[in-house]
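The structure displayed is predicted, hence computed values, not measured ones.
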Amino acid sequence: MEIGIVGLPNVGKSTLFNALTGAAAAASNFPFTTIEPNVGVVPIVDERLTRLSTEWHSAKITPAGIRFVDIAGLVKGASEGEGLGNQFLGNIRSVDAVAHVVRCFRDDNVVNVMNDVNPIEAADIIETELMLSDMQQAQKAYDKWMRPAKCGDKDAKIKCEVLEAVLKGLNDGIPVRMQNVDKEGIKEFQFITSKPVMYVANTDEKGPDEALLAPLRARAAKEGAAIIPLCTKFEAEVVQLSPEERKEYYDAAGIGTPGLARLAQAGRELLGLVCFFTAGEQETRAWLIDKGTRAVKAAGKIHTDIERGFIRAEIYRYKDLVDLGSYKAIQEAKKITLEGKDYEMQEGDVVYFRFSV
């Protein structure tokens with residue numbers, strides 16, 4: 001799963017990114033990768049992994065990960081060359097979702113590129129710049145396919161018709177995700193505004209300012225977008241502590257679910273992902289897939305050879321492991337099912353794929 005982080009300068013984007021990558025680095029028994037200075041793969045810590053690895057005495061634990069891509073802060077006019085942000089928009093065209101960081105705190109010591117703290121105006125500026133960038137992308141693609149369309153190429157003609165509709169919607173101020181167009185048919189064009197959005201409302205350490213947050217909540221509800229209020233400064237500071245100190249800090253503050261954990265969960269829900277597990281002596285691992293993925297395609301997530309030579313999937317439910325207490329008890333209760341290629345993977349499935357190549 002890959003999420004692009006966007007926002008105006010000085011709203012907390014880089015602080016959020018540092019908190020996310022800091023959380024990954026602090027989880028010493030989980031893998032962490034910095035692919036580029038602005039790209040990090042952050043693990044989703046899942047207690048189910050610990051239980052499964054204990055059952056199987058696994059030598060290694062590998063969680064599912066979210067890849068976060070941070071780009072330079074966008075400014076008004078970025079699509080026309082203002083600032084540097086527009087140069088980096090190409091880096092997030094392939095992401096699955098967009099995390100839009102919006103400043104929801106007042107602090108005279110933190111420079112604000114706007115005259116006042118106005119979450120809705122800030123959200124409008126970013127959305128406009130992303131739409132203008134998509135318009136350039138759509139126009140470029142339209143110009144490319146127009147000539148073959150005029151020469152009778154049916155596929156090119158369909159593409160041009162779709163692109164015309166997208167351009168009209170963008171000109172009317174409607175992001176692609178809210179347009180009535182074939183979402184599958186436009187995937188190849190990688191429009192940024194076609195991605196699902198979550199708003200990250202960056203608050204101060206005293207907590208959300210409802211006067212600032214309420215309009216953003218209303219906007220998110222109207223768009224069907226997720227909204228996660230959190231203090232990026234607080235999260236970035238806490239992840240520098242040891243796991244024990246962090247737990248004590250969260251307990252003392254009465255925080256049941258840390259902001260970064262809520263962010264990761266919101267990302268999963270936004271994209272409609274489910275998690276399945278593979279478990280054994282060598283490794284216990286979590287895998288994220290789209291809801292509705294068939295067993296054979298889930299096998300391909302692990303390795304193309306497993307998909308190609310798929311025979312069957314032996315599956316039990318994590319819940320049954322908890323309820324019955326052990327894998328042996330699951331066997332005795334005959335709770336392991338044998339599923340074929342078309343089985344639809346479910347949240348919490350633990351699977352062993354049989355294959356032959």
Side-chain angles (χ1 to χ4, degrees), residues 1-6 64-69 89-100 127 130-199 220 222-226 266-276 287-302 304 307-308 310 340-347:
M1 180 168 67
E2 189 170 68
I3 296 178
I5 305 174
V6 301
I66 306 176
R67 177 174 159 134
F68 282 90
V69 184
L89 284 175
N91 295 339
I92 62 168
R93 287 207 172 274
S94 61
V95 301
D96 301 297
V98 172
H100 184 172
E127 185 84 300
L130 296 181
M131 284 195 289
L132 289 170
S133 182
D134 278 350
M135 286 176 69
Q136 294 173 4
Q137 183 88 343
Q139 190 62 56
K140 184 179 177 182
Y142 182 81
D143 294 342
K144 173 186 173 182
W145 291 106
M146 178 49 71
R147 179 170 291 182
K150 286 182 176 178
C151 294
D153 186 319
K154 291 182 180 180
D155 287 340
K157 186 176 180 182
I158 291 172
K159 289 180 191 294
C160 284
E161 289 173 353
V162 171
L163 288 165
E164 274 188 293
V166 167
L167 280 166
K168 183 181 184 304
L170 289 169
N171 273 307
D172 291 339
I174 305 171
V176 179
R177 66 181 175 277
M178 298 177 71
Q179 293 183 24
N180 185 25
V181 294
D182 178 12
K183 299 301 188 290
E184 286 298 317
I186 60 170
K187 267 189 176 180
E188 66 178 284
F189 304 115
Q190 297 186 325
F191 296 124
I192 301 175
T193 64
S194 69
K195 322 288 184 186
V197 170
M198 68 166 75
Y199 290 102
K222 182 180 178 181
E223 297 178 357
R268 275 195 57 187
E269 293 172 359
L270 189 66
L271 294 169
L273 301 174
V274 297
C275 180
F276 75 91
W287 306 86
L288 290 176
I289 52 174
D290 291 328
K291 188 175 182 180
T293 298
R294 306 293 179 182
V296 66
K297 290 299 180 184
K301 177 89 173 178
I302 299 171
T304 53
E307 179 180 356
R308 184 162 55 90
F310 182 97
K341 292 182 177 181
D342 292 333
Y343 170 77
E344 190 174 298
M345 299 295 291
Q346 301 296 312
E347 175 70 30

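In terms of the side chain to side chain contact (heavy atoms under 4.5 Å, CB included) criterion, residue partners of Ser94 (sequence neighbours excluded) are, by chain and number, Glu2, Gln190. By the ring pair (Phe, Tyr, Trp, His ring centres under 6.0 Å) test, Tyr199 pairs with His100, sequence neighbours left out.
Inter-residue side-chain proximity for Ile3 and Val69 is flagged as unmet; no heavy-atom pair is nearer than 4.5 Å.
Of all the heavy atoms in Ser133 and Arg93, the pair that sits closest is OG-NH2, 2.7 Å. The two residues Gly65 and Leu288 have their closest heavy-atom pair at O-CD1, 4.4 Å. The two residues Asp134 and Ser194 come nearest to each other via the heavy atoms OD2-N, 4.5 Å. The shortest heavy-atom contact between Leu271 and Pro196 is CD2-CG, 3.8 Å. Residues Met345 and Ala298 approach most closely at CG-CB, 3.7 Å, considering heavy atoms. Heavy-atom minimum distance, Asp96 versus Lys195: O-CB, 4.1 Å.
A donor-acceptor distance shorter than 3.5 angstrom exists from the side chain of Glu347 to the backbone of Cys275, with no hydrogens or angles considered. Under a 3.5 Å cut-off, the side chain of Lys301 and the backbone N or O of Trp287 do not form any donor-acceptor pair.
Between Lys341 atom NZ and Glu307 atom CD the span is 9.0 Å, to the nearest 0.5 Å. Between atom NZ of residue Lys297 and atom CD of residue Glu344 there is a gap of 15.0 Å, rounded to the nearest 0.5 Å. Taken from CG in Asp153 to CD1 in Ile158, the straight-line distance is 9.0 Å, to the nearest 0.5 Å. Between the OG1 atom in Thr293 and the CD atom in Gln346 there is a gap of 10.5 Å [rounded to 0.5 Å].
For residues 162-193, the pairs satisfying ring pair (Phe, Tyr, Trp, His ring centres under 6.0 Å) are Phe189-Phe191, with sequence neighbours left out. Counting only residues at least two apart or in different chains, ring pair (Phe, Tyr, Trp, His ring centres under 6.0 Å) contacts with residues 149-169 are absent.
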Under 3.5 Å, sequence neighbours excluded: what are the donor-acceptor pairs made by side chains of residues 169-182?
residue	atom	partner	partner atom	Å
Asn171	ND2	Leu167	O	3.0
Asp172	OD2	Lys168	NZ	3.2
Arg177	NH1	Thr193	O	3.4
Arg177	NH2	Glu127	OE2	2.7
Gln179	NE2	Val166	O	3.4
Gln179	NE2	Ile174	O	2.9
Asp182	OD1	Glu184	N	3.2
Asp182	OD1	Gly185	N	3.4
Asp182	OD2	Gly185	N	3.4

Would you mind writing out the side-chain donor-acceptor pairs for residues 138-152 within the sub-3.5 Å range, not counting sequence neighbours?
residue	atom	partner	partner atom	Å
Gln139	NE2	Asp143	OD1	3.0

